[in-house]
Amino acid sequence: MYDIIIIGGGPAGLTAALYALRAEKSVLVLEKMGLGGQIALTDRVENFPGIAEISGFDFAEALSGQVKSLGGEIKYENVVEIRPGKEKIVVTPKNEYTAKSVIIATGVKNRLIGAEGEEKLIGRGISYCAVCDGSFYRGKTVAVIGGGNTALQDAEYLSQIATKVYLIHRRSEFRAEERLVRKLKTLENVEFLLNTTVERFCGDQKLSGLDLISTSDGKTRHIDLDGAFVAVGKVPQNEGFKGLVSLSDGGYVVAGEDCLTSVEGIFAAGDCRIKDVRQLTTAVGDGSVAALAASKYIDEKFA
Ligand code: NAP
């Protein structure tokens, strides 16, 4: 039996592992894809205190290396169920693991726009990760859809690779930091299409363009494209925990700053829980809080 099983190997989960290992607990991290979560797919991190600039990949490598060097066990398995009780059973398609405490740190996944043609053309000209797929579009024309920090950072990144980048946003104001908006406006190969939504992703086997509609006057237009990068936010990945811990209407785990869920001994950390600010700093903050809370719970309940 492990002391703590952590579900998710992003910044919250790995920080929880780091703190739990330093508290001399046995730890298993279960990650379904790759370590680092969303941050591993981020081009540059410039707002982590004490580090002026680092690539998201390097940050994820350093953090996972820290966990491994402390003896943290990491397995690549998808958790499909947690059975509650004093000893919790964590179920994956291959195995069942037992732990005294569980930390849910499952993060978020990409939101789809839901426009016609989107699902069909994913991976055929539609991408949700500029850092992963941007290099396929050297010298080509691409669009980024969204008005948050991710969309603006993606557009800036792609402007260094593609010949032309359209930034398509449904409003005229941005959710993104003003600094990013200002920078993007200085780039000659970036064209802003504001008050505009995507009605259709066109193309049969491969994306060929977008049918757009203006939210201000309803006018439609078509643009030809080689690639479209969708960056319209994230949704939580907590479906497997429905009926176990309380979830909000949006599917986030209901847990406060103390990371306590509705079930004793199960904690939630990072982007997967309800919170106002989803940042690398808040994710790692949660990871440390959840690990210390889980350690205290174990010391009290299993003494
Ligand atoms: P976000 O901030 O939620 O922005 C999503 C954007 O997509 C919004 O502009 C939204 O438009 C638009 N949108 C949502 N649904 C849409 C739809 N169906 N059709 C068209 N547009 C749609 O998401 P994010 O940019 O992925 O960022 C997520 C979190 O990570 C945020 O807290 C962000 O600050 C953080 N983050 C931080 C950094 C950084 O600090 N440098 C970098 C990346 C991300 P409206 O504005 O009209 O709602």
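Numbering of ligands and ligand atoms starts at 1, following listing order. Source: prediction; values computed, not measured.
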* Going by the atom numbers of ligand 1, which of them fall below 4.0 Å from some non-hydrogen atom of Lys234? -> 26 (O)

* Asked: Which residue holds the protein heavy atom closest to atom 34 (O) of ligand 1, what is that atom called, and what is the gap in Å?
  -> Asn149 ND2, 3.0 Å

* Asked: Under 4.0 angstrom from atom 28 (C) of ligand 1, is there any protein heavy atom?
  -> no

* Contact with ligand 1 for Thr197, non-hydrogen, under 4.0 angstrom -> no

* To do: Tell me which protein heavy atom sits closest to atom 9 (O) of ligand 1, plus the residue, atom name and distance to 0.1 Å.
  => Gly147 N, 3.0 Å

* Determine which pairs satisfy ring pair (Phe, Tyr, Trp, His ring centres under 6.0 Å) with at least one residue from residues 136-162, sequence neighbours left out, and list them in order. => Tyr137-Phe229

* To do: From atom 10 (C) of ligand 1, work out which of Lys275, Arg179, Arg170, Arg171 has a heavy atom at the shortest distance.
  => Arg170

* Asked: Looking only at non-hydrogen atoms, which of Ile168, Leu152, Thr150 approaches atom 24 (P) of ligand 1 most closely?
  -> Thr150

* Nearest protein heavy atom with distance in Å, relative to atom 23 (O) of ligand 1 -> Gly233 CA, 3.4 Å

* Side chain, backbone, both or neither: Leu180 near ligand 1, heavy atoms under 4.0 Å -> neither

* Any side-chain heavy-atom pair of Asn238 and Ile104 under 4.5 Å -> yes

* Among side-chain atoms of Gln237 and Lys32, is any donor-acceptor pair under 3.5 angstrom? -> yes

* Structure fact -> When rounded to the nearest 0.5 Å, the distance separating CG of Leu14 from CZ of Phe59 is 9.0 Å

* **Test log, rule side-chain hydrogen bond (donor to acceptor under 3.5 Å, both in side chains), inputs Asn95 and Thr92** => CA-CA 5 Å; Asn95 289 303; Thr92 75; 4.7 Å; no

* ligand 1 atoms in contact with Glu177 (distance to a heavy atom under 4.0 Å) -> 40 (O)

* **Atom indices of ligand 1 within 4.0 angstrom of His169 heavy atoms, with elements** => 9 (O), 11 (O), 45 (P), 46 (O), 47 (O)

* Between Ala294 and Ser101, what is the shortest heavy-atom contact and its length? -> CB-OG, 3.5 Å

* Structure fact -> Quick look: Glu173 vs ligand 1, heavy-atom contacts under 4.0 Å, and the answer is neither

* To do: Measure from the ring center of Phe192 to the ring center of His169 and say whether it is less than 6.0 Å.
  => no

* Taking side-chain hydrogen bond (donor to acceptor under 3.5 Å, both in side chains) as the test, write out the residues that go with Asp271, two or more places apart. => none

* Going by the atom numbers of ligand 1, which of them fall below 4.0 Å from some non-hydrogen atom of Arg278? -> 29 (C), 30 (O), 32 (O), 35 (C)

* In terms of residue, atom name and distance, what is the protein heavy atom nearest to atom 40 (O) of ligand 1? -> Asn47 ND2, 2.8 Å

* Structure fact -> If you scan protein heavy atoms around atom 13 (N) of ligand 1, the nearest is Val232 CB, 3.5 Å

* Is any side-chain heavy atom of Lys68 closer than 4.5 Å to a side-chain heavy atom of Leu35? -> yes

* To do: Let me know which of Thr106, Val102, Leu30, Val91 forms a side chain to side chain contact (heavy atoms under 4.5 Å, CB included) with Val79.
  => Leu30

* **Pick from Gln279, Glu46, Arg175, Gln153: the one approaching atom 1 (P) of ligand 1 most closely through a non-hydrogen atom** => Arg175

